[in-house]
**Student:** 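Take a look at the following structure, please.
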2 protein chains.
Amino acid sequence: MWDSVDARARDRERKREAVILTAARAFRQRGYHNTSLDDIARELSVTKPTVYHYVANKEQLLFECFRTGLGLIMAGFEEVCSSAGSARERLAYVMTRYAEALTSDFGWCMVQAENQDLSPAMSQKVKQLKSKIDQGIRRLLQEGIADGSIRPCDTKITAFALAGAMNWIAYWYKSGDSLTADEIARRFMDLFELGLQPR
Amino acid sequence: MWDSVDARARDRERKREAVILTAARAFRQRGYHNTSLDDIARELSVTKPTVYHYVANKEQLLFECFRTGLGLIMAGFEEVCSSAGSARERLAYVMTRYAEALTSDFGWCMVQAENQDLSPAMSQKVKQLKSKIDQGIRRLLQEGIADGSIRPCDTKITAFALAGAMNWIAYWYKSGDSLTADEIARRFMDLFELGLQPR
(Lines give C-alpha, C1' and ligand atoms only; values in the text may rest on other atoms or scores of the structure.)
Protein backbone atom coordinates (compact mmCIF):
# COMPACT_ATOMS: atom_id res chain seq x y z
CA MET A 1 0.00 0.00 0.00
CA TRP A 2 2.79 2.44 0.89
CA ASP A 3 4.45 1.62 -2.38
CA SER A 4 1.42 2.74 -4.28
CA VAL A 5 1.26 5.99 -2.33
CA ASP A 6 4.93 6.56 -3.16
CA ALA A 7 4.31 5.75 -6.81
CA ARG A 8 1.42 8.19 -6.93
CA ALA A 9 3.55 10.90 -5.32
CA ARG A 10 6.35 10.24 -7.84
CA ASP A 11 3.85 10.28 -10.67
CA ARG A 12 2.42 13.57 -9.46
CA GLU A 13 5.92 15.07 -9.18
CA ARG A 14 6.81 13.91 -12.70
CA LYS A 15 3.65 15.45 -14.12
CA ARG A 16 4.26 18.68 -12.23
CA GLU A 17 7.77 18.86 -13.67
CA ALA A 18 6.38 18.29 -17.19
CA VAL A 19 3.94 21.18 -16.72
CA ILE A 20 6.74 23.49 -15.58
CA LEU A 21 9.13 22.49 -18.37
CA THR A 22 6.43 22.88 -21.02
CA ALA A 23 5.56 26.30 -19.64
CA ALA A 24 9.22 27.39 -19.56
CA ARG A 25 9.62 26.46 -23.23
CA ALA A 26 6.39 28.19 -24.23
CA PHE A 27 7.22 31.40 -22.31
CA ARG A 28 10.68 31.48 -23.87
CA GLN A 29 9.39 30.92 -27.40
CA ARG A 30 6.29 33.10 -27.40
CA GLY A 31 6.63 35.34 -24.37
CA TYR A 32 4.74 35.19 -21.09
CA HIS A 33 1.83 37.42 -22.07
CA ASN A 34 1.32 35.59 -25.37
CA THR A 35 1.03 32.19 -23.67
CA SER A 36 -2.15 30.98 -21.93
CA LEU A 37 -2.71 28.05 -19.59
CA ASP A 38 -4.88 26.67 -22.42
CA ASP A 39 -1.79 26.59 -24.65
CA ILE A 40 0.18 24.71 -21.98
CA ALA A 41 -2.65 22.22 -21.48
CA ARG A 42 -2.93 21.67 -25.24
CA GLU A 43 0.78 21.03 -25.61
CA LEU A 44 0.67 18.48 -22.79
CA SER A 45 -2.54 16.94 -24.16
CA VAL A 46 -4.24 17.40 -20.81
CA THR A 47 -7.24 19.46 -19.70
CA LYS A 48 -6.88 22.93 -18.19
CA PRO A 49 -8.14 21.69 -14.78
CA THR A 50 -5.22 19.24 -14.81
CA VAL A 51 -2.82 22.18 -15.12
CA TYR A 52 -4.68 23.95 -12.28
CA HIS A 53 -4.09 20.83 -10.22
CA TYR A 54 -0.41 21.78 -10.14
CA VAL A 55 -0.43 25.58 -10.14
CA ALA A 56 -3.00 28.13 -9.00
CA ASN A 57 -2.50 30.48 -11.97
CA LYS A 58 -0.16 31.50 -14.77
CA GLU A 59 1.83 33.81 -12.54
CA GLN A 60 2.57 30.96 -10.17
CA LEU A 61 3.60 28.85 -13.15
CA LEU A 62 6.10 31.54 -14.20
CA PHE A 63 7.39 31.63 -10.64
CA GLU A 64 7.85 27.83 -10.62
CA CYS A 65 9.86 28.11 -13.87
CA PHE A 66 11.94 30.88 -12.30
CA ARG A 67 12.45 28.87 -9.11
CA THR A 68 13.45 25.74 -11.03
CA GLY A 69 16.13 27.69 -12.92
CA LEU A 70 17.47 29.33 -9.77
CA GLY A 71 17.35 25.92 -8.09
CA LEU A 72 20.03 24.72 -10.52
CA ILE A 73 22.36 27.50 -9.29
CA MET A 74 21.46 26.88 -5.64
CA ALA A 75 22.36 23.21 -6.18
CA GLY A 76 25.78 24.41 -7.36
CA PHE A 77 26.31 26.33 -4.10
CA GLU A 78 25.30 23.27 -2.08
CA GLU A 79 27.60 20.96 -4.04
CA VAL A 80 30.67 23.08 -3.31
CA CYS A 81 29.87 23.93 0.27
CA SER A 82 31.85 20.97 1.61
CA SER A 83 34.50 21.09 -1.15
CA ALA A 84 38.16 21.31 -0.18
CA GLY A 85 39.05 23.67 -3.06
CA SER A 86 39.82 27.35 -2.70
CA ALA A 87 36.90 29.77 -2.72
CA ARG A 88 37.92 30.87 -6.24
CA GLU A 89 37.68 27.27 -7.43
CA ARG A 90 34.30 26.90 -5.76
CA LEU A 91 33.12 30.12 -7.38
CA ALA A 92 34.24 28.84 -10.78
CA TYR A 93 32.20 25.68 -10.21
CA VAL A 94 29.09 27.64 -9.25
CA MET A 95 29.52 29.86 -12.32
CA THR A 96 29.53 26.75 -14.51
CA ARG A 97 26.23 25.66 -12.98
CA TYR A 98 25.00 29.24 -13.43
CA ALA A 99 25.82 29.12 -17.17
CA GLU A 100 24.10 25.74 -17.46
CA ALA A 101 20.96 27.16 -15.84
CA LEU A 102 20.92 30.18 -18.16
CA THR A 103 21.36 28.08 -21.29
CA SER A 104 18.62 25.68 -20.16
CA ASP A 105 14.94 25.99 -21.02
CA PHE A 106 14.54 27.93 -17.77
CA GLY A 107 17.03 30.68 -18.74
CA TRP A 108 14.44 32.97 -20.23
CA CYS A 109 12.16 32.80 -17.17
CA MET A 110 15.13 33.38 -14.87
CA VAL A 111 15.90 36.79 -16.34
CA GLN A 112 12.49 37.77 -17.67
CA ALA A 113 10.20 36.89 -14.75
CA GLU A 114 10.69 40.28 -13.16
CA ASN A 115 9.75 42.12 -16.36
CA GLN A 116 6.25 40.66 -16.60
CA ASP A 117 4.16 43.00 -14.44
CA LEU A 118 4.06 40.53 -11.55
CA SER A 119 1.83 41.14 -8.55
CA PRO A 120 3.71 42.88 -5.71
CA ALA A 121 3.64 39.66 -3.63
CA MET A 122 5.11 37.57 -6.46
CA SER A 123 7.64 40.26 -7.33
CA GLN A 124 8.77 40.15 -3.71
CA LYS A 125 9.24 36.34 -3.83
CA VAL A 126 11.29 36.66 -7.04
CA LYS A 127 13.49 39.33 -5.46
CA GLN A 128 14.06 37.19 -2.36
CA LEU A 129 15.29 34.22 -4.38
CA LYS A 130 17.52 36.43 -6.55
CA SER A 131 18.96 37.93 -3.42
CA LYS A 132 19.97 34.45 -2.19
CA ILE A 133 22.05 33.92 -5.34
CA ASP A 134 23.60 37.37 -4.95
CA GLN A 135 24.43 36.71 -1.29
CA GLY A 136 25.95 33.34 -2.21
CA ILE A 137 28.29 34.92 -4.77
CA ARG A 138 29.31 37.68 -2.38
CA ARG A 139 30.02 35.10 0.33
CA LEU A 140 32.31 33.10 -1.99
CA LEU A 141 34.11 36.33 -2.96
CA GLN A 142 34.58 37.19 0.74
CA GLU A 143 35.82 33.67 1.48
CA GLY A 144 38.23 33.96 -1.45
CA ILE A 145 39.60 37.24 -0.16
CA ALA A 146 40.00 35.57 3.25
CA ASP A 147 41.74 32.42 1.92
CA GLY A 148 43.93 34.46 -0.45
CA SER A 149 42.57 32.95 -3.66
CA ILE A 150 40.78 36.18 -4.67
CA ARG A 151 42.24 39.69 -4.89
CA PRO A 152 40.59 42.13 -2.48
CA CYS A 153 37.67 43.75 -4.34
CA ASP A 154 34.30 45.40 -3.83
CA THR A 155 32.33 42.17 -3.37
CA LYS A 156 28.94 43.79 -3.99
CA ILE A 157 29.88 45.36 -7.33
CA THR A 158 31.95 42.34 -8.37
CA ALA A 159 29.00 40.02 -7.65
CA PHE A 160 26.78 42.28 -9.79
CA ALA A 161 29.30 42.15 -12.64
CA LEU A 162 29.55 38.34 -12.51
CA ALA A 163 25.78 37.83 -12.27
CA GLY A 164 25.15 40.40 -15.00
CA ALA A 165 27.52 38.71 -17.44
CA MET A 166 25.86 35.38 -16.60
CA ASN A 167 22.26 36.60 -16.79
CA TRP A 168 22.91 38.23 -20.14
CA ILE A 169 23.55 34.76 -21.58
CA ALA A 170 19.76 34.37 -21.74
CA TYR A 171 19.64 37.30 -24.19
CA TRP A 172 22.16 36.02 -26.73
CA TYR A 173 22.30 32.26 -26.32
CA LYS A 174 20.37 30.19 -28.84
CA SER A 175 19.81 26.49 -28.27
CA GLY A 176 22.06 24.80 -30.77
CA ASP A 177 24.75 27.48 -30.24
CA SER A 178 28.16 26.15 -31.19
CA LEU A 179 29.37 26.51 -27.60
CA THR A 180 28.10 24.37 -24.72
CA ALA A 181 27.26 25.92 -21.35
CA ASP A 182 30.47 24.44 -20.03
CA GLU A 183 32.59 26.09 -22.73
CA ILE A 184 30.87 29.45 -22.21
CA ALA A 185 31.46 29.19 -18.46
CA ARG A 186 35.14 28.34 -19.05
CA ARG A 187 35.64 31.41 -21.28
CA PHE A 188 33.81 33.63 -18.81
CA MET A 189 35.95 32.35 -15.93
CA ASP A 190 39.06 32.89 -18.04
CA LEU A 191 38.10 36.57 -18.15
CA PHE A 192 36.93 36.81 -14.53
CA GLU A 193 39.85 34.90 -13.01
CA LEU A 194 42.75 36.11 -15.13
CA GLY A 195 41.55 39.47 -16.47
CA LEU A 196 42.25 41.08 -19.84
CA GLN A 197 45.67 42.44 -18.90
CA PRO A 198 48.50 40.03 -19.76
CA ARG A 199 50.02 38.35 -16.70
CA MET B 1 16.51 85.61 -41.70
CA TRP B 2 18.92 82.64 -41.59
CA ASP B 3 19.45 83.30 -37.92
CA SER B 4 15.81 82.83 -37.24
CA VAL B 5 15.73 79.59 -39.24
CA ASP B 6 18.67 78.37 -37.14
CA ALA B 7 16.97 79.44 -33.96
CA ARG B 8 13.81 77.60 -34.96
CA ALA B 9 15.82 74.46 -35.78
CA ARG B 10 17.58 74.67 -32.41
CA ASP B 11 14.27 75.21 -30.67
CA ARG B 12 12.77 72.23 -32.45
CA GLU B 13 15.75 70.06 -31.49
CA ARG B 14 15.54 71.16 -27.84
CA LYS B 15 11.84 70.31 -27.72
CA ARG B 16 12.44 66.97 -29.39
CA GLU B 17 15.09 66.15 -26.78
CA ALA B 18 12.67 67.11 -24.00
CA VAL B 19 10.04 64.74 -25.43
CA ILE B 20 12.57 61.88 -25.56
CA LEU B 21 13.92 62.49 -22.06
CA THR B 22 10.42 62.75 -20.58
CA ALA B 23 9.46 59.50 -22.31
CA ALA B 24 12.62 57.71 -21.12
CA ARG B 25 11.84 58.70 -17.51
CA ALA B 26 8.20 57.67 -17.82
CA PHE B 27 9.02 54.29 -19.41
CA ARG B 28 11.59 53.59 -16.72
CA GLN B 29 9.25 54.51 -13.89
CA ARG B 30 6.00 52.98 -15.07
CA GLY B 31 6.96 50.62 -17.88
CA TYR B 32 6.45 51.02 -21.61
CA HIS B 33 3.02 49.44 -21.82
CA ASN B 34 1.72 51.44 -18.86
CA THR B 35 2.71 54.77 -20.43
CA SER B 36 0.68 56.52 -23.14
CA LEU B 37 1.60 59.42 -25.41
CA ASP B 38 -1.12 61.30 -23.52
CA ASP B 39 0.90 60.86 -20.32
CA ILE B 40 4.01 62.21 -22.02
CA ALA B 41 2.09 65.21 -23.42
CA ARG B 42 0.59 65.93 -20.00
CA GLU B 43 3.99 65.82 -18.28
CA LEU B 44 5.39 68.24 -20.86
CA SER B 45 2.27 70.45 -20.69
CA VAL B 46 1.83 70.22 -24.45
CA THR B 47 -0.90 68.74 -26.64
CA LYS B 48 -0.69 65.22 -28.03
CA PRO B 49 -0.37 66.56 -31.62
CA THR B 50 2.77 68.37 -30.46
CA VAL B 51 4.25 65.04 -29.41
CA TYR B 52 3.24 63.57 -32.80
CA HIS B 53 5.13 66.45 -34.37
CA TYR B 54 8.35 64.79 -33.16
CA VAL B 55 7.59 61.06 -33.30
CA ALA B 56 5.14 59.01 -35.38
CA ASN B 57 4.07 56.74 -32.54
CA LYS B 58 4.99 55.36 -29.11
CA GLU B 59 7.17 52.63 -30.57
CA GLN B 60 9.27 55.20 -32.39
CA LEU B 61 9.52 57.16 -29.17
CA LEU B 62 10.89 54.08 -27.40
CA PHE B 63 13.35 53.61 -30.24
CA GLU B 64 14.52 57.23 -29.95
CA CYS B 65 15.13 56.67 -26.21
CA PHE B 66 17.05 53.50 -27.04
CA ARG B 67 19.06 55.25 -29.74
CA THR B 68 19.89 58.20 -27.47
CA GLY B 69 21.25 55.82 -24.81
CA LEU B 70 23.31 53.84 -27.31
CA GLY B 71 24.50 57.14 -28.80
CA LEU B 72 26.27 57.87 -25.50
CA ILE B 73 28.30 54.65 -25.93
CA MET B 74 28.92 55.30 -29.63
CA ALA B 75 30.26 58.74 -28.66
CA GLY B 76 32.73 56.94 -26.39
CA PHE B 77 33.99 54.84 -29.30
CA GLU B 78 34.41 57.96 -31.42
CA GLU B 79 36.25 59.83 -28.67
CA VAL B 80 38.89 57.12 -28.33
CA CYS B 81 39.29 56.32 -31.99
CA SER B 82 42.17 58.76 -32.41
CA SER B 83 43.56 58.22 -28.89
CA ALA B 84 47.21 57.26 -28.48
CA GLY B 85 46.49 54.87 -25.57
CA SER B 86 46.61 51.09 -25.76
CA ALA B 87 43.47 49.30 -26.89
CA ARG B 88 42.91 48.15 -23.29
CA GLU B 89 42.97 51.75 -22.12
CA ARG B 90 40.56 52.72 -24.90
CA LEU B 91 38.27 49.87 -23.93
CA ALA B 92 38.32 51.03 -20.31
CA TYR B 93 37.28 54.51 -21.45
CA VAL B 94 34.41 53.16 -23.56
CA MET B 95 33.26 51.02 -20.62
CA THR B 96 33.10 54.14 -18.46
CA ARG B 97 30.86 55.81 -21.04
CA TYR B 98 28.85 52.57 -21.19
CA ALA B 99 28.28 52.66 -17.42
CA GLU B 100 27.27 56.32 -17.64
CA ALA B 101 24.72 55.50 -20.34
CA LEU B 102 23.26 52.64 -18.30
CA THR B 103 22.94 54.72 -15.14
CA SER B 104 21.33 57.58 -17.09
CA ASP B 105 17.59 58.02 -17.63
CA PHE B 106 18.02 56.07 -20.88
CA GLY B 107 19.41 52.94 -19.20
CA TRP B 108 16.04 51.23 -18.82
CA CYS B 109 15.11 51.74 -22.49
CA MET B 110 18.53 50.53 -23.58
CA VAL B 111 18.04 47.07 -22.06
CA GLN B 112 14.25 46.83 -22.09
CA ALA B 113 13.39 48.04 -25.60
CA GLU B 114 13.75 44.56 -27.05
CA ASN B 115 11.37 43.05 -24.47
CA GLN B 116 8.38 45.20 -25.45
CA ASP B 117 6.79 43.23 -28.32
CA LEU B 118 8.24 45.58 -30.94
CA SER B 119 7.18 45.32 -34.57
CA PRO B 120 9.58 43.15 -36.62
CA ALA B 121 10.90 46.24 -38.44
CA MET B 122 11.62 48.09 -35.19
CA SER B 123 13.07 44.98 -33.58
CA GLN B 124 15.45 44.75 -36.53
CA LYS B 125 16.57 48.37 -36.09
CA VAL B 126 17.21 47.77 -32.39
CA LYS B 127 19.27 44.66 -33.16
CA GLN B 128 21.34 46.53 -35.75
CA LEU B 129 22.29 49.28 -33.32
CA LYS B 130 23.11 46.75 -30.58
CA SER B 131 25.27 44.89 -33.03
CA LYS B 132 27.31 48.06 -33.66
CA ILE B 133 28.18 48.27 -29.97
CA ASP B 134 29.04 44.57 -29.90
CA GLN B 135 31.26 44.92 -32.98
CA GLY B 136 32.97 47.95 -31.45
CA ILE B 137 33.87 46.04 -28.28
CA ARG B 138 35.13 43.04 -30.25
CA ARG B 139 37.26 45.32 -32.41
CA LEU B 140 38.90 46.91 -29.35
CA LEU B 141 39.56 43.43 -27.92
CA GLN B 142 41.16 42.35 -31.21
CA GLU B 143 43.23 45.53 -31.34
CA GLY B 144 44.32 44.88 -27.75
CA ILE B 145 45.40 41.35 -28.57
CA ALA B 146 47.32 42.78 -31.55
CA ASP B 147 49.04 45.57 -29.57
CA GLY B 148 49.79 43.23 -26.65
CA SER B 149 47.67 45.10 -24.10
CA ILE B 150 45.05 42.33 -23.92
CA ARG B 151 45.62 38.60 -23.32
CA PRO B 152 44.48 36.45 -26.25
CA CYS B 153 40.84 35.52 -25.64
CA ASP B 154 37.62 34.53 -27.38
CA THR B 155 36.63 38.06 -28.41
CA LYS B 156 32.99 37.19 -29.10
CA ILE B 157 32.35 35.58 -25.72
CA THR B 158 34.45 38.17 -23.88
CA ALA B 159 32.48 40.99 -25.53
CA PHE B 160 29.23 39.31 -24.43
CA ALA B 161 30.54 39.03 -20.85
CA LEU B 162 31.56 42.71 -20.75
CA ALA B 163 28.32 43.94 -22.31
CA GLY B 164 26.24 41.65 -20.08
CA ALA B 165 27.85 42.94 -16.90
CA MET B 166 27.30 46.49 -18.16
CA ASN B 167 23.72 46.02 -19.33
CA TRP B 168 22.78 44.43 -16.03
CA ILE B 169 23.52 47.75 -14.32
CA ALA B 170 20.10 48.90 -15.54
CA TYR B 171 18.52 46.16 -13.40
CA TRP B 172 20.13 46.99 -10.09
CA TYR B 173 21.16 50.64 -10.27
CA LYS B 174 18.91 53.14 -8.53
CA SER B 175 19.35 56.84 -9.13
CA GLY B 176 20.79 58.14 -5.91
CA ASP B 177 22.92 54.98 -5.54
CA SER B 178 25.92 55.62 -3.36
CA LEU B 179 28.27 54.91 -6.30
CA THR B 180 28.58 57.15 -9.36
CA ALA B 181 28.72 55.66 -12.85
CA ASP B 182 32.43 56.44 -12.88
CA GLU B 183 33.04 54.51 -9.65
CA ILE B 184 31.01 51.53 -10.90
CA ALA B 185 32.97 51.52 -14.16
CA ARG B 186 36.26 51.64 -12.25
CA ARG B 187 35.30 48.63 -10.11
CA PHE B 188 34.10 46.71 -13.17
CA MET B 189 37.33 47.45 -15.02
CA ASP B 190 39.30 46.39 -11.96
CA LEU B 191 37.66 42.97 -12.33
CA PHE B 192 37.85 42.84 -16.13
CA GLU B 193 41.44 44.07 -16.43
CA LEU B 194 43.08 42.38 -13.44
CA GLY B 195 40.83 39.39 -12.75
CA LEU B 196 39.94 37.80 -9.44
CA GLN B 197 43.14 35.75 -9.13
CA PRO B 198 45.87 37.57 -7.22
CA ARG B 199 48.70 38.80 -9.45
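Each chain gets a letter, A, B and so on, in the order its sequence line appears, and its residues count up from 1.
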**Student:** Answer with side chain, backbone, both or neither: which region of A/Leu179 has an atom nearer than 4.5 Å to a non-hydrogen atom of chain B?
**Tutor:** side chain
**Student:** Could you tell me which portion of A/Leu141 (side chain, backbone, both or neither) has an atom closer than 4.5 angstrom to a non-hydrogen atom of chain B?
**Tutor:** side chain
**Student:** Can you tell which part of A/Asp190 gets under 4.5 Å to a heavy atom of chain B, answering side chain, backbone, both or neither?
**Tutor:** both
**Student:** Pull out the residues in residues 20-28 of chain B that come under 4.5 Å of chain A, heavy atom to heavy atom, sorted by number.
**Tutor:** none
**Student:** How long is the gap from CZ on A/Arg199 to CG on B/Leu194, to the nearest 0.5 Å?
**Tutor:** 7.5 Å
**Student:** Should we say atom NZ of B/Lys15 is surrounded by more than 12 heavy atoms from elsewhere, each under 6.0 Å from it?
**Tutor:** no
**Student:** Decide side-chain contact (heavy atoms from CB on, under 4.5 Å) for A/Leu191 and B/Leu162; before the verdict, give the C-alpha distance in whole Å, the side-chain angles of both, and the deciding distance to 0.1 Å.
**Tutor:** CA-CA 9 Å; A/Leu191 168 67; B/Leu162 297 176; 4.3 Å; yes
**Student:** Any chance you could lay out the side-chain contact (heavy atoms from CB on, under 4.5 Å) test for A/Thr158 and B/Leu196, step after step, and finish with the verdict?
**Tutor:** CA-CA 9 Å; A/Thr158 303; B/Leu196 293 170; 3.9 Å; yes
**Student:** Could you walk me through whether B/Trp172 and A/Ile157 pass the side-chain contact (heavy atoms from CB on, under 4.5 Å) check?
**Tutor:** CA-CA 10 Å; B/Trp172 57 263; A/Ile157 296 296; 3.7 Å; yes
**Student:** Less than 4.5 Å to any heavy atom of chain A: does that hold for the side chain of B/Leu91, its backbone, both, or neither?
**Tutor:** side chain
**Student:** I need the minimum non-hydrogen distance between A/Pro198 and B/Gly148, along with the two atoms involved.
**Tutor:** CG-O, 3.3 Å
**Student:** So for A/Arg88, is it side chain, backbone, both, or neither that comes closer than 4.5 Å to the heavy atoms of chain B?
**Tutor:** side chain
**Student:** Is A/Gln112 close to chain B through its backbone or its side chain, or both, or neither, when contacts mean heavy atoms under 4.5 Å?
**Tutor:** side chain
**Student:** Considering non-hydrogen atoms only, spot the tightest contact between A/Ala165 and B/Ala161 and give its length.
**Tutor:** CB-O, 3.4 Å
**Student:** Side chains of B/Arg151 and A/Gln197 only: does a donor on one sit below 3.5 Å from an acceptor on the other?
**Tutor:** no
**Student:** With a 4.5 angstrom heavy-atom cut-off, could you sort out which part of A/Lys130 is near chain B: side chain, backbone, both or neither?
**Tutor:** side chain
**Student:** How close do A/Trp168 and B/Trp168 get, counting heavy atoms only, and between which atoms?
**Tutor:** CE3-CE3, 3.9 Å
**Student:** Any sub-3.5 Å donor-acceptor pair from B/Arg187's side-chain atoms to A/Thr155's backbone N or O?
**Tutor:** no
**Student:** Between A/Phe192 and B/Phe192, is the side-chain contact (heavy atoms from CB on, under 4.5 Å) condition met? List the steps.
**Tutor:** CA-CA 6 Å; A/Phe192 297 146; B/Phe192 298 147; 4.2 Å; yes
**Student:** Between A/Met74 and A/Ile169, is there a shared hydrophobic cluster once you connect ILVMFWY residues whose side-chain heavy atoms come closer than 4.5 Å?
**Tutor:** yes
**Student:** Answer whether the closest heavy-atom distance between the side chains of A/Tyr171 and B/Asn115 falls below 4.5 Å.
**Tutor:** yes
